[in-house]
Amino acid sequence: MKPTMRKPVGIFAILGIITIWAVIVASFSSVIGNWHIAVQSVIYCIAGIVWIAPMRPLMIWMETGRWRA
């Protein structure tokens, strides 16, 4: 079997998604920072989980070459 470029491309895509998501969340930090600490905790917990959603199709593509299992 010949190695493919899917995994290296996928790794860079994952790093890009994480970077873009971190910039988006950080851009709202001045607004969120004024809210109650409990609300901040919930928002940041949700933001810390949401970025995982686009990873599943990307991981499937990296392994199989298809976007769906």
Side-chain angles (χ1 to χ4, degrees):
M1 292 183 60
K2 183 180 177 188
T4 65
M5 290 298 294
R6 285 194 312 260
K7 289 189 180 183
V9 169
I11 289 168
F12 284 113
I14 289 170
L15 292 173
I17 290 169
I18 292 170
T19 302
I20 290 168
W21 187 247
V23 168
I24 291 169
V25 171
S27 69
F28 288 105
S29 66
S30 62
V31 175
I32 296 171
N34 295 326
W35 298 348
H36 189 271
I37 190 72
V39 177
Q40 288 182 41
S41 299
V42 170
I43 295 296
Y44 285 124
C45 284
I46 291 170
I49 294 171
V50 167
W51 69 271
I52 298 171
M55 293 301 143
R56 185 172 191 271
L58 184 59
M59 297 294 267
I60 291 171
W61 175 77
M62 286 170 60
E63 289 296 322
T64 65
R66 293 172 290 167
W67 287 104
R68 294 187 179 151

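Throughout, numbering of the chain's residues begins at 1 and tracks the sequence.
The two residues M62 and R6 have their closest heavy-atom pair at O-NE, 3.4 Å. Contact between G48 and I52 at its shortest, heavy atoms only, is O-CD1, 4.4 Å. Shown here for L58 and A13, the closest heavy-atom pair between the two residues is CD2-CB, 3.8 Å.
Residue pairs that meet the salt bridge (charged side-chain N to carboxylate O under 4.0 Å, His left out) test with at least one member in residues 13-23, sequence neighbours left out, do not exist here.
At a threshold of 4.5 Å between non-hydrogen side-chain atoms, the residues W35 and I43 count as touching.
I49 and M55 are assigned to two separate hydrophobic clusters, defined by single-linkage of ILVMFWY side chains at heavy-atom distances under 4.5 Å. Note on I32 and V23: separate hydrophobic clusters, where clusters join Ile, Leu, Val, Met, Phe, Trp and Tyr whose side-chain heavy atoms are under 4.5 Å apart, directly or indirectly.
Under the ring-ring contact (aromatic ring centres under 6.0 Å, His included) criterion, W61 pairs with W67, sequence neighbours left out.
Residue-environment remark: OH (Y44) exceeds the threshold of 12 foreign heavy atoms within 6.0 Å.
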Please report, to 0.1 Å, the donor-acceptor pairs under 3.5 Å made by any side chain of residues 14-21, with sequence neighbours excluded.
from : atom 1 : to  : atom 2 : distance (Å)
T19  : OG1    : L15 : O      : 2.8
W21  : NE1    : A47 : O      : 2.8

